[in-house]
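In the text below, chain A, chain B and the rest are named by the order of the sequence lines, each starting its count at 1.
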Number of protein chains: 2
Amino acid sequence: MGEHGSEHASSNTHGNGNGRREVTVSDVAAAARVSKATAARALGDYGAVSDSVRERVQRAAEELGYRANALARTMTTGRSNTIGIVVGDIENPFFAQATRGAADIADTAGFDLILSNSDEETESEAKAIGVQLAKRVDGLLVAPASSVDIRNLRTIVDAGRPLVLFDRVAEGIEADAVIAANRTGARKLTGLLTSAGHRRIAFISTLLHTDGYRSGEVLGSSSVAERVAGFTTTLAEAGIPRPEAWVRLNARADGVERAAVELITGPDAATAVVASDSRIALAVFRAARSVGLRIPEDLSLVAFDDADWTGLTTPSITVMSQPIHEIGAEAARLLVRRIRGDGGPFVTKVLDQRLIERESVAPPRL
Amino acid sequence: MGEHGSEHASSNTHGNGNGRREVTVSDVAAAARVSKATAARALGDYGAVSDSVRERVQRAAEELGYRANALARTMTTGRSNTIGIVVGDIENPFFAQATRGAADIADTAGFDLILSNSDEETESEAKAIGVQLAKRVDGLLVAPASSVDIRNLRTIVDAGRPLVLFDRVAEGIEADAVIAANRTGARKLTGLLTSAGHRRIAFISTLLHTDGYRSGEVLGSSSVAERVAGFTTTLAEAGIPRPEAWVRLNARADGVERAAVELITGPDAATAVVASDSRIALAVFRAARSVGLRIPEDLSLVAFDDADWTGLTTPSITVMSQPIHEIGAEAARLLVRRIRGDGGPFVTKVLDQRLIERESVAPPRL
DNA sequence: AAACGAATTGAGACCGGTCTCAACATACGC
DNA sequence: GCGTATGTTGAGACCGGTCTCAATTCGTTT
């Protein structure tokens, strides 16, 4: 076998530097003694081919070790069967879970995932989106670094690619979105604290924001904005003055613990904390321990995200659980539908959060 | 502007269903009144172009909203600037961290990542690898589902694509690998327990394996195999009979806790446990609590991986920390080097693990 | 001013598939 | 037995880039 063709072995243009040329449809066609078109039909599973020829071609392909070039296919069909996903940081369990949810749906629908981390910066987000568009992804899943500056998202829409946002929404962009009911969640979580009698309650997030938070200000991330809104209105309803003064943003990843220490010590120390995600809860937990405060006796703590370990600490932590996996999965479902051509109106799906009360809340001291 | 060309507006073959055709080099060339070849040179940043023409072309590209088609480029150059990564499960913090490490290096080197989950099954691993090869990735990063059945890995090598394994090695495959010193780590970790006086020590892993473990048997994952080896030899050195009887594999993800309960209760209950990763440690911790055993008084626990919460529990958990991020990063570095053409001998990099002693080890009860 | 070399440009093949269209073969109806 | 419908096959254009090679322009040298 394989004695056909001329000896162009040395004409080995590009390829993989390996000395081996890829086997192409033409090679298979020659081996099976049919035209390129027919071989392509048999291999690509389209058009009409007689059973005998199909079998002959497939056997030839098998023998030669033919492997279709998906890129060449994309060139003519316009479909790449690839979707791009841009997350803040895949190391963050939230994004890891959402990505897995999306990957499962994508896989079933026959799509691959190109993954990029934005580090929540619009600049690297722009770069990631640029590359993904250049690779002609069929659609994108994006947790936008900014809900306000939508230029990156516009690029996608202008390029004519379907886009689904997840975890955060953005005004004025033609895209579906899947988010959690953050405002309601924040209200319930904060309510637990006000009901217990707390008056000095802090909200901590790592969201980057210039200067301190002032009421009515627009925040970069809609999910944090919603949580802040739920938090401040709950405080206001409890008659606590200047709720916005208790919103602490900009807690840099490496400085969350220090920020937490500042908040829970001193004359005006908070007696309770709402952590915007499980990693922040971890830092607060550690901070409390480092300054000798006991939870919940000296400090109450509640957080978003039911990370698997939150039920394990002493005390276990009361959390607002989000259907993270489902957020990613649903986003992928919507995207696949768009890619398949659904032209219906854009929707924003809001998934419920679920309160899991544990042991980290108690009335404030004295 | 844009009044050039004939009105082939309706010849709108494929594209993105959006009614809009992609802007191509030819379009830009026409607008800038130069040949396609020249426009391509100016846009692709290769060959020689006069400054005036380059500027004219770039302005035309800007106005038309030209975006290079990376796929077409790959077709001729043979380079896709994409690397594939196959992990067990991106939701597993280990893989999430390693992936991030790889993504950072890849990004700096100008590569994108196509991500696939194998769920540790060779079958879906095969599918993932097939798709990635079809998409002509420049190389692959794989945490092989099996260190024994290397057919999937051979597919990659046969296709002439560079391959770097991480977390696990495989005999008989031409590939670099980056792993941690698991055997040494297991010895140290287990030694802590034997030194404390434990004689009934269990090792728990979720690795799938037919039937119970028997000495000398080949395990699917080399990293677990190494840990088991370190574990059993340490037990043997301590004069404990039938060390392999204490190796518990097959703990299915959803049944780890139940498996742990079985191990730590009953007449022959283990008084100490070595957990093969942080998720298992979590399950054991929970199991101990559910049956009313206190750590470390009633049960000692040590684990692999310094998950961020392991220092937070009461008691905090003694762990063997792995440089996970670096494992991914170094694997990516090796791969990029191969892609760039380094033809040196294949290497296996072994990174050190680091013991972090905390509070979860104590002598056994009487 | 003629000759030469370097820089720039254009024409067209090529990568590996898909797809359109025409040619041909076979089967069917009447 | 002839016209037509259906099925199968082949030839060649095409997708959007890159790359080779020849043609042209321009500046220099002698």
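The CZ atom of A/R79 lies 4.5 Å from the OG1 atom of A/T77; values are rounded to the nearest 0.5 Å. B/L141 contributes atom CG, which lies 11.5 Å from atom CZ of B/F111 (distance to the nearest 0.5 angstrom).
In this structure, the CG atom of B/L133 is 16 Å from the P atom of C/dG16, given to the nearest Å. Put simply, NZ on A/K135 is 19 Å from P on D/dG16, counting in whole angstrom units. Between A/D45 atom CG and C/dG17 atom C1' the separation is 15 Å, expressed in whole Å. Residue B/R136 contributes atom CZ, which lies 9 Å from atom C1' of C/dG16 at whole-angstrom precision. Per the geometry, CG belonging to A/N69 stands 7 Å off P belonging to C/dG16, to the nearest Å.
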Notebook entry, point to check: Checking side chain to side chain contact (heavy atoms under 4.5 Å, CB included) for the pair B/I83/B/V137: CA distance, chi angles, key distance, verdict?
Noted result: CA-CA 5 Å; B/I83 76 186; B/V137 294; 5.5 Å; no

Check: Going through the checks in order, is the side chain to side chain contact (heavy atoms under 4.5 Å, CB included) test met by A/I173 and A/L165?
Finding: CA-CA 10 Å; A/I173 196 79; A/L165 308 177; 4.1 Å; yes

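Residue B/S35 places no side-chain N or O under 4.0 Å from the OP1 or OP2 atom of C/dA11.
No side-chain N or O of B/S80 forms a donor-acceptor pair with one of B/K135 less than 3.5 Å apart. Of the N and O atoms on the side chains of B/Q132 and B/S116, at least one donor lies less than 3.5 Å from an acceptor on the other residue.
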Listed pairs, N/O of protein and of nucleotides 18-21 of chain D, under 3.5 Å:
{"unit_1": "D/dT18", "atom_1": "OP1", "unit_2": "B/R73", "atom_2": "NE", "d": "2.7"}
{"unit_1": "D/dT18", "atom_1": "OP1", "unit_2": "B/R73", "atom_2": "NH2", "d": "3.4"}
{"unit_1": "D/dT18", "atom_1": "OP2", "unit_2": "B/Y46", "atom_2": "OH", "d": "3.4"}
{"unit_1": "D/dT18", "atom_1": "O4'", "unit_2": "B/T76", "atom_2": "OG1", "d": "2.7"}

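Annotation: side chain of B/L140 is in contact with side chain of B/L133 (closest heavy-atom distance under 4.5 Å). A/I114 places none of its side-chain heavy atoms less than 4.5 Å from the side chain of B/L113.
Near-neighbour residues of DNA chain C inside residues 48-56 of chain B, defined by a heavy atom below 4.0 Å, number-ordered: B/A48, B/V49, B/S50, B/V53.
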